Amino acid sequence: MGSRCSFFPGLAFLMFGFLGFMILPAADAAIKKYQFDVQVRNVSRLCHAKPIVTVNGMFPGPTIYAREGDRVIINVTNHAQYNMSIHWHGIKQFRNGWADGPAYITQCPIQTGSAYTYDFNVTGQRGTLWWHAHILWLRATVYGALVIMPKPGTPFPFPQPYSEVNLLLGEWWNNDIEALVKQGNSRGLPPNMSDAHTINGKPGPLFPCSEKHTFAMEVESGKTYLLRIINAALNDELFFAIAGHDMTVVEIDAVYTKPFTTQALLIAPGQTTNVLVQANQAPNRYFMAARPFMDAPLPVDKQMATGILQYKGVPNTVLPSLPQLPASNDTAFALSYNKKLRSLNTPQFPVNVPLKVDRNLFYTIGLGRNPCLTCVNGTRLTGSLNNISFVMPNIGLLQAHYSKIKGVFRTDFPDRPSTPFNYTSAPLTANLGTSQGTRLSKLAFNSTVELVLQDTNLLTVESHPFHLHGYNFFVVGSGIGNFDPAKDPANYNLIDPPERNTVGVPTGGWTAIRFRADNPGVWFMHCHLELHTGWGLKMAFVVEDGEGPDQSVLPPPKDLPPC
């Protein structure tokens, strides 16, 4: 049976010496050092063996452990045939976009045979984040957990768990994913969907040849466990549940929440969710399972990835029971689950929602078809925001901004679509003539921003998880249909809205977020469905420097990869 995982948080720090982990004694903060070797390894899943890109030969990759206030230094050496960059998803990187990682946004990629050191501080954050490749589709296998423990002596604002376990939900392709994507792009079509979903890189025994590729965690009756759940899948929102066991949600995207109990949870690509689970059932073996949520008429891999929660002393021969997951198109569950998410909002963990807004932005999310003579249907699928499909530059946007290099990007990304229409009516197959360009939106330092993301029925409605780099934001409102600026803001939650770095825009609906633009630099915002990002469903903000000495972008590091 698969590897068992049950360890004490205190021991976690001792387990990673082989990763180059180091703590330097200091009063409050430490320096955590890691060596990441990007290398190709042969891995077998679903009766297929294939070479995949890994970090330190591990799939998923190593866990980064730090404490709030620490400095983290990660040297990434690239031995693979692909150029590489790594994003530390959810780390705010204050003034330090050079360590953010998205290729051609904040850096040029690390060339084969070269290295780059990501050096950043973990300030005012604690909880579960993650890291992943941010170039091509390499995050299919290059990803891992990033766990930030509270400062020494600071307890969790919920019952102390006996032990904690990381659960990384992913996707697996039997074929070379980069070859599939290349083939799809040349034909103007999406690549094949994944062959399986995985829990900690393992699909579980419901798949062929996968009895040994099953993640199992052992629990003791009466004990409470903290599960740090990360959706590292490329293209699927996922439901997750454990047979016979309730989960208490206590944190999302490394922000504590008002606890609530649920039998299943919904987690979009890029998001993290921490839950407490009590081993309070009859000693047995129980499946935990993940399966996609999709309430639009699009094909997805509906097979269930499974792991096993196993009570101590129960033999491996006992057949586990399956959990009741919501139906794959259960919109009502998805909406009601997201409504339950609220920030803790205590004196120790306050909610600083901007109540006054300096800049109102309204972005439509569109899919479309552009002419393509060499493609199968004479068209290529595109993604756009405000009808603009983003074109990646040839050098890092942050470098161009910092060094004032002209001609790389424009700062005229529109605050709203040039042509308003009925965004969510019957399918709109007419292309609005999507334009292409490297167009950014400029934000004044410390200005407050409200951004409404509106799904549209161009080709089809679909749920889109959006990730903003360099920031957390408050999800103040959400709804189905067209956003109504006259009526909808009256229903905003400005008291304890969830604070996140990645938010799902509901199918045929809208989401409103607010944030304060107090982190200068160039910050990527994109759909976290890799398919849509590749089609151009992305943009970036240029946040101007402030006037104070600590309100401007830091100088670039000397080893920043050249273009």
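Residue numbers count from 1 along this sequence. Keep in mind it's a predicted model, so treat the numbers as computed, not measured.
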For residues L361 and R416, determine if any side-chain heavy atom of one lies less than 4.5 Å from a side-chain heavy atom of the other. no
Given 3.5 Å as the limit, does a donor-acceptor pair link the side chain of T456 with the main chain of T364, or not? no
Compute the ring centroids of F473 and F466, then answer whether they are less than 6.0 Å apart. no
May I ask you to test the V376-L189 pair for a side-chain heavy-atom distance under 4.5 Å? yes
How would you list, by chain and number, every residue that makes a salt bridge (charged side-chain N to carboxylate O under 4.0 Å, His left out) with R342, sequence neighbours excluded? D496
Checking T507, N482, D455 against T424 for side-chain hydrogen bond (donor to acceptor under 3.5 Å, both in side chains), the one that qualifies is N482
Looking only at side-chain N and O atoms, does D358 offer a donor or acceptor that is under 3.5 Å from a partner on S447? no
List the atom of S384, the atom of T434, and the distance in Å for their closest heavy-atom pair. CB-CG2, 3.7 Å
If you look at every heavy atom in P203 and T198, which pair is closest and at what distance? N-CG2, 3.9 Å
If you apply the rule side-chain hydrogen bond (donor to acceptor under 3.5 Å, both in side chains), what do you find for H87 with T106, and how did you get there? CA-CA 10 Å; H87 170 50; T106 58; over 6 Å; no
Between F120 and W98, ring centroids under 6.0 Å: no
Let me confirm one number: the CD1-CD1 distance from I86 to I74, rounded to the nearest 0.5 Å. 8.0 Å
With a 4.5 Å heavy-atom cut-off, do P190 and W535 have their side chains touching? yes
Would you say the rings of F483 and Y423 are close, in the sense that their centroids are separated by under 6.0 Å? no
Could you tell me whether D412 and R410 have a side-chain N and a carboxylate O separated by less than 4.0 Å? yes
Using a 4.5 Å cut-off on heavy atoms from C-beta on, say whether the side chain of E499 contacts that of D253. no
Checking R139 against H528 for the side-chain hydrogen bond (donor to acceptor under 3.5 Å, both in side chains) test, could you report, in this order, the C-alpha distance in whole Å, the side-chain angles of both residues, the deciding distance, and whether it holds? CA-CA 11 Å; R139 73 177 172 94; H528 220 274; 3.2 Å; yes
Scan H469, H467, H532 and name whichever one has a side-chain hydrogen bond (donor to acceptor under 3.5 Å, both in side chains) with H526. H469
Evaluate the side chain to side chain contact (heavy atoms under 4.5 Å, CB included) criterion for residues D176 and E178: first the C-alpha distance (whole Å), next the side-chain angles of each, then the deciding distance (0.1 Å), finally the verdict. CA-CA 6 Å; D176 177 346; E178 293 305 327; 3.6 Å; yes
Taking 4.0 angstrom as the limit, do R359 and D415 come out as a salt bridge? yes
Please check this pair: side chain of N96 against backbone of D119, looking for a donor-acceptor N/O pair closer than 3.5 Å. yes
Is the shortest heavy-atom distance from the side chain of H197 to the side chain of R291 under 4.5 Å? no
For Y492 together with F474, are the ring centres under 6.0 Å from each other? no
Roughly how far, to the nearest 0.5 Å, is CZ of R439 from OG of S441? 11.0 Å
Exercise: do W172 and N174 side chains pair donor with acceptor under 3.5 Å: yes
Please test I229 against N274 for side chain to side chain contact (heavy atoms under 4.5 Å, CB included), starting from the C-alpha separation and ending with a verdict. CA-CA 6 Å; I229 305 167; N274 282 11; over 6 Å; no
Before we go on, tell me: are the rings of F333 and F239 under 6.0 Å apart, centre to centre? yes
With a 4.5 Å cut-off on side-chain heavy atoms, are V38 and V76 touching? yes
Verify, without hydrogens or angle tests, whether Q183 (side chain) and L180 (backbone) share a donor-acceptor contact under 3.5 angstrom. no
Can you tell me how far the CG atom of N370 sits from the CG atom of L381, to the nearest 0.5 Å? 9.5 Å
Students often mix this up, so state it plainly: with edges at 30° and 60°, are the rings of F524 and F390 parallel, tilted or perpendicular? tilted
Please check: side-chain N/O of Q111 versus main-chain N/O of C563, any donor-acceptor pairing under 3.5 Å? no
Check L529 against S463 and note the closest heavy-atom contact, atom names and distance. CD1-O, 3.8 Å
Pairs under 3.5 angstrom only: tabulate donor-acceptor contacts from the side chains of residues 392-407 to other protein residues two or more places apart or in another chain.
residue, atom, partner, partner atom, Å
Q399, OE1, G396, N, 3.2
S403, OG, Q399, O, 3.3

For the side chain of S85 and the backbone of P102, is there at least one donor-acceptor N/O pair under 3.5 Å apart? no
I'd like to know if the side chain of Y471 pairs up with that of Q93 as donor and acceptor (distance under 3.5 Å, no hydrogens or angles considered). no
How about NZ on K442, more than 12 heavy atoms from neighbouring residues, nucleotides or ligands closer than 6.0 Å, or not? no
Just checking, is any N or O donor in the side chain of Y118 or Q107 under 3.5 Å from an acceptor N or O on the other one? yes
To check you understand the geometry: which heavy-atom pair defines the closest contact between G270 and W130, and what is its length? O-NE1, 3.2 Å
Give a yes or no on whether Q81 atom CD has more than 12 heavy-atom contacts from other residues, nucleotides or ligands under 6.0 Å away. yes
Please name the pair of heavy atoms, one in G97 and one in W523, separated by the smallest distance, quoted to 0.1 Å. CA-CH2, 3.6 Å
Test your reading of the model: is there a side-chain donor-acceptor pair from R514 to the backbone of P354, 3.5 Å cut-off? yes
Side chain D330, main chain P326, donor-acceptor under 3.5 Å: no
Out of I230, V122, I91, which one pairs with L129 under the side chain to side chain contact (heavy atoms under 4.5 Å, CB included) rule? I91
Taking C-beta and beyond as the side chain, do Y82 and V53 meet within less than 4.5 Å on heavy atoms? yes
Grab the two heavy atoms, one from S194 and one from E171, that are nearest each other, plus how far apart they are. OG-OE1, 2.7 Å
Nearest-0.5 Å distance, CG of residue L468 to NZ of residue K92: 11.0 Å
Answer yes or no: is there a donor N or O on one side and an acceptor on the other, between the side chain of N360 and the main chain of E450, under 3.5 Å? no
Determine, step by step, whether I267 and L169 satisfy the side chain to side chain contact (heavy atoms under 4.5 Å, CB included) criterion, reporting the C-alpha distance in whole Å, the side-chain angles of both residues, the deciding distance to 0.1 Å, and the verdict. CA-CA 10 Å; I267 184 167; L169 312 179; 4.1 Å; yes
Is there side-chain contact between P109 and M84, with heavy atoms separated by less than 4.5 Å? no
Side chain of N377, backbone of T379: donor and acceptor closer than 3.5 Å? no
First locate atom CG of L325, then atom CZ of F293, and finally report the distance between them rounded to the nearest 0.5 Å. 13.0 Å
Just by distance, do the side chain of Q454 and the backbone of G481 share a donor-acceptor pair under 3.5 Å? yes
Should F260 and Y337 be marked as a ring pair (Phe, Tyr, Trp, His ring centres under 6.0 Å) after you check the CA-CA gap, both sets of side-chain angles, and the distance that decides it? CA-CA 10 Å; F260 69 93; Y337 174 83; 5.7 Å; yes
Rounded distance (nearest 0.5 Å) linking atom CG of N472 with atom OG1 of T502: 9.0 Å
